[in-house]
Number of protein chains: 2
Amino acid sequence: MPRTKAFDVTDALDKAKDYFWAHGYESTSMDDLLKAMGINRGSFYDTYENKHKLLLDALDHYIENDIAPSLAKATEGLEPREAIVAIFKRKLKRMNDPQGRFGCLLINTALELAPHDEAVAKVVHRRYDELAKRFIRLVKQGQADGTISKRCKPTQLGRLLLNHLLGVLVLLRSRVSETMLKSVINQVDLLLD
Amino acid sequence: MPRTKAFDVTDALDKAKDYFWAHGYESTSMDDLLKAMGINRGSFYDTYENKHKLLLDALDHYIENDIAPSLAKATEGLEPREAIVAIFKRKLKRMNDPQGRFGCLLINTALELAPHDEAVAKVVHRRYDELAKRFIRLVKQGQADGTISKRCKPTQLGRLLLNHLLGVLVLLRSRVSETMLKSVINQVDLLLD
DNA sequence: ATTATTTTGGAACAATCATTCCAAATAGCG
DNA sequence: CGCTATTTGGAATGATTGTTCCAAAATAAT
């Protein structure tokens with residue numbers, strides 16, 4: 001019986017995600033969001049509850065639709081060690097397109113809100129763990145096939161790789177020079193040898 | 001002939017720095033700032049010009065009065081390699097006091113503002129370079145006295161260490177578990193061997 | 001003590017904040 | 001077509017934003 005929504009809920013969420021990604025949470029006003037999403041106040045509050053709830057949804061949407069596919073694409077068909085290297089090299093490739101320079105929404109949000117926002121902190125921890133596990137699995141496989149050094153336990157090395165990635169994403173958003181970025185990214189091999 | 005200021009300009013700046021450190025830039029309102037600094041509007045705008053200018057001053061004040069002394073204290077009297085390790089272990093020690101959990105003001109600010117704030121980006125780049133140079137110098141010395149592996153050029157390894165530090169400071173502010181933090185920090189040795 | 005100069009406290013400002021609310025418009029069902 | 005449930009657009013809300021402004025207070029020099 002009811003009227004149907006005049007906009008695509010997921011599309012609008014995706015636009016919101018992009019805006020948060022570029023500008024952060026506090027710097028983004030409701031007016032900015034509504035304009036970016038192409039909807040208006042009534043529809044917004046009816047659909048997404050409020051700004052903070054939208055952020056949490058945007059974070060999940062980001063992991064599912066940006067991070068996960070990006071990781072899958074970068075690593076598909078590659079041997080474990082090459083997969084790890086590819087994850088980092090990919091950041092280098094993307095450093096010159098607009099989106100790539102905004103770093104990672106998860107990390108940006110973690111730094112802006114985690115200390116005073118329990119809900120955000122929880123999401124961040126879960127996603128860090130997932131990323132760490134992914135690295136750990138790749139390390140195990142790489143150590144098994146002999147391409148990654150065994151002088152460090154998989155768990156430790158996996159976490160070290162996650163930490164390395166966090167650093168790279170900080171450098172990206174900090175807009176450091178390409179030289180600096182290349183220099184750091186190319187050191188992944190040092191961690192694996 | 002004039003009246004003298006009723007407050008200590010540097011003390012108030014220090015309080016502002018602490019508030020920015022804990023809460024970030026956008027989340028901090030002028031009311032918050034004035035309360036934290038213990039002064040009022042007239043005095044503020046007369047002395048510090050405006051909120052954005054204050055942030056830049058706070059950043060410099062932070063590097064000079066928090067980072068520099070902290071690094072000096074952590075490394076004094078230590079051999080190069082031990083100095084590097086000490087810089088990281090220090091983060092672990094501090095992880096349970098309130099201030100330590102807020103990460104690093106420079107990095108927090110970089111992630112929040114660098115993409116859209118030229119002045120902040122400039123400061124960030126200069127300070128990153130200083131930190132990198134410091135690491136590079138220590139690496140050179142460590143390689144000279146044989147305590148640090150020579151399989152990597154000082155410049156490269158120095159930057160890698162800076163990147164490692166950025167990651168650790170992200171993890172700190174993200175409030176990850178002590179286990180996770182220890183695990184990552186203890187891997188510094190892997191980078192130096 | 002008087003004068004000159006600066007700071008101080010806070011009222012006032014226009015702009016913007018996130019959110020609420022509701023009449024008008026709309027679309028599916030009978 | 002008419003009924004009804006839902007969405008839509010936007011006016012309105014009260015709170016808060018960063019900044020300006022100025023009279024009153026205070027101090028150092030004359």
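Note: hydrogens, waters and symmetry copies are ignored here, and every other heavy atom, side chains too, is used. Order of the sequence lines fixes the chain letters, A, B, ..., with proteins taken first and strands second; residue numbering starts at 1 for each chain.
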[X] [atom1] to [N] [atom2]: how many Å, rounded?
X     : N      : atom1 : atom2 : value
A:M30 : D:dT17 : CE    : C1'   : 17 Å
A:Y45 : D:dT6  : OH    : C1'   : 20 Å
B:Y48 : D:dG18 : OH    : P     : 17 Å
A:Y25 : C:dC17 : OH    : P     : 13 Å
A:E26 : C:dT16 : CD    : C1'   : 14 Å
A:N40 : C:dC21 : CG    : P     : 17 Å
B:D46 : D:dA24 : CG    : P     : 19 Å
B:I39 : D:dG18 : CD1   : P     : 14 Å

Touch class at under 4.0 angstrom, heavy-atom based, for B:S27 against every strand present: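 No contact at all - B:S27 keeps every heavy atom at 4.0 Å or more from the nucleic acid.
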Sugar-phosphate, base or nothing in reach of A:F7, heavy atoms under 4.0 Å: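 Sugar-phosphate only.
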Check: D:dT8 base within 3.5 Å donor-acceptor of A:R41 side chain: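 In this structure, the two groups form no donor-acceptor pair.
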Donor on one side chain, acceptor on other, B:D46 and B:S43, under 3.5 Å: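 Note: B:D46 and B:S43 side chains miss the donor-acceptor criterion.
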Mutual orientation of the aromatic rings belonging to B:F88 and B:H164 [parallel < 30°, tilted 30-60°, perpendicular > 60°]: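 Because their plane-to-plane angle lies in the 30° to 60° range, the rings of B:F88 and B:H164 count as tilted.
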Test of ring centre spacing under 6.0 Å for B:H23 and A:H116: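 For B:H23 and A:H116, the ring centres are under 6.0 Å apart.
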A:S29 side chain near C:dT16 phosphate (N/O to OP1/OP2, under 4.0 Å):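 No.
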Side chain of B:S43 (C-beta onward), nearest among C:dT8, C:dC17, D:dT19: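 Closest nucleotide to the B:S43 side chain: C:dT8.
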Donor-acceptor contact below 3.5 Å, side chain A:W21 vs main chain A:G103: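 Yes, because the side chain of A:W21 sits within donor-acceptor range (under 3.5 Å) of the backbone of A:G103.
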